[in-house]
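A quick note: this is a predicted structure, and the numbers were derived from the prediction, not measured. Lettering of chains follows the sequences in order, A, B, ..., and the numbering in each one begins at 1.
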Amino acid sequence: MDTIKEIIQTLHNAGDAEIAKHSSRFFKSGPGEYGEGDKFLGIRVPVIRQFAKQFKCSDLETLSALLDSDWHEVRLLALVILSEQFKKASPPVRDDIFAFYLAHTDRINNWDLVDCSAHIIVGGHLVEADKTILYTLADSISLWERRIAMMATFTFIRANQLEDTIKLAELLLKDKEDLIHKMCGWMLREMGKRDVQRLKAFLDKHIQTMPRTMLRYAIEKLPKEERQDYLTR
DNA sequence: GCAGCTTATGTT
DNA sequence: AACATAAGCTGC
């Protein structure tokens with residue numbers, strides 16, 4: 001059994017000051033920015049994924065302690081391990097992991113932490129279940145809970161369930177955060193790969209009020225002329 | 001404010 | 001190896 005201290009020490013040893021400096025800027029950890037106060041060890045994602053294999057058997061208590069870390073990569077490690085465990089878990093264990101995830105959203109507090117896990121754990125749990133909780137998350141004051149809600153629909157889209165992506169995008173249409181505009185545009189685009197008529201219906205309905213970034217992401221896979229048409233309407 | 005570019009990462 | 005995706009950055 002690896003102790004929490006051993007895991008954190010292992011990550012500390014793998015850190016690189018230059019990468020940490022770059023990550024700190026890239027993930028907006030400055031005052032007033034969305035990642036305010038976050039601290040970085042400077043470890044690239046593929047290296048974290050290697051460590052996740054090494055520590056894949058960590059229990060929820062250990063993962064909870066890792067999520068409590070001030071270090072961004074320690075939290076990322078915990079979420080990669082948790083996501084991998086979810087994929088291989090039995091239904092009752094999946095229930096536990098899902099509940100654990102929702103109980104720790106305050107520590108899933110940057111876009112990469114959401115994007116590596118929400119579609120696997122929240123999407124994976126809800127794809128064959130009641131999805132009401134998504135609308136609670138989408139209504140949260142937390143930017144990250146709202147992003148988790150939309151990211152979860154990635155799994156629904158892959159299962160050809162397109163309805164929730166549209167409903168959530170409509171709920172989030174007036175969101176003030178650029179990171180939500182991007183996420184909605186991304187999922188709308190993915191939805192459009194399955195049903196382009198449905199995407200166009202959404203665009204025709206909302207083009208006057210959609211944030212520009214959401215629109216641009218959503219139309220990215222349309223033919224050039226159609227893209228141009230939507231951009232100049 | 002917008003369109004296009006750069007870097008890191010994941011998938012096939 | 002080639003392609004697709006995210007984010008931030010930059011010049012208009």
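In this structure, A/K87 places its NZ atom 11 Å from P of B/dG10, rounding to the nearest Å. As rounded to whole Å, 11 Å separates atom P of B/dG10 from atom CH2 of A/W111. Between A/H22 atom NE2 and B/dT9 atom P there is a gap of 10 Å when expressed in whole angstrom units. One can place CZ of A/R49 at 12 Å from C1' of B/dA8, the figure rounded to the nearest angstrom. Between A/I219 atom CD1 and B/dG4 atom P there is a gap of 10 Å when expressed in whole angstrom units. The interatomic distance linking A/E220 (CD) with B/dC2 (C1') rounds to 15 Å, in whole Å. Distance A/R216 CZ to C/dC9 P: 16 Å, rounded to the nearest Å. Atom CZ in A/R212 sits about 4 Å away from atom P in B/dA3, given to the nearest Å.
Under the 3.5 Å distance criterion, the side-chain polar atoms of A/R216 are left unmatched by any main-chain donor or acceptor of A/G185. At distances below 3.5 Å, at least one donor-acceptor pair connects side-chain atoms of A/H104 with backbone N or O atoms of A/F100.
A/K182 has a side-chain polar atom (N or O) that falls below the 4.0 Å cut-off from OP1 or OP2 of C/dG8. OP1 and OP2 of B/dG4 both lie 4.0 Å or more from every side-chain N or O belonging to A/R227. A close approach under 4.0 Å does not occur between any side-chain nitrogen or oxygen of A/R158 and OP1 or OP2 of B/dT11. Phosphate proximity of C/dC3 to A/K221: absent, as no side-chain N or O sits under 4.0 Å from OP1 or OP2. The side chain of A/R189 contributes no N or O atom lying less than 4.0 Å from OP1 or OP2 of C/dA4. For A/Y217, no side-chain nitrogen or oxygen approaches OP1 or OP2 of C/dT5 to under 4.0 Å. In this model, the phosphate group of C/dC9 is approached by a side-chain N or O of A/R25 to a distance below 4.0 Å at OP1 or OP2.
Between the base of B/dA8 and the side chain of A/R44 there is no donor-acceptor pair shorter than 3.5 Å.
Each of A/F26, A/F27, A/W71 was scored for a ring-ring contact (aromatic ring centres under 6.0 Å, His included) with A/F40, with one residue passing: A/F27.
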Can you check side-chain hydrogen bond (donor to acceptor under 3.5 Å, both in side chains) on A/S83 and A/S117, steps first, answer last?
CA-CA 6 Å; A/S83 299; A/S117 59; 4.8 Å; no
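Listed candidates were C/dA7, B/dA3, C/dT5. Nearest to the side chain of A/K193 is C/dT5. Among the nucleotides C/dA7, C/dT5, B/dG10, the one closest to the side chain of A/W186 is C/dT5.
Where A/F26 and A/V45 each meet DNA chain B at their nearest nucleotide, the meeting point lying more 5' is that of A/F26.
Dense packing is recorded around NZ of A/K193, with more than 12 heavy atoms of other residues, nucleotides or ligands lying under 6.0 Å away.
Across all strands, A/E190 comes closer than 4.0 Å only to sugar-phosphate atoms, never to a base (heavy-atom distances). Within 4.0 Å (heavy atoms only), A/F154 reaches no atom of the nucleic acid at all.
Classification of the A/H206-A/F202 ring pair by plane angle, with boundaries at 30° and 60°, yields tilted.
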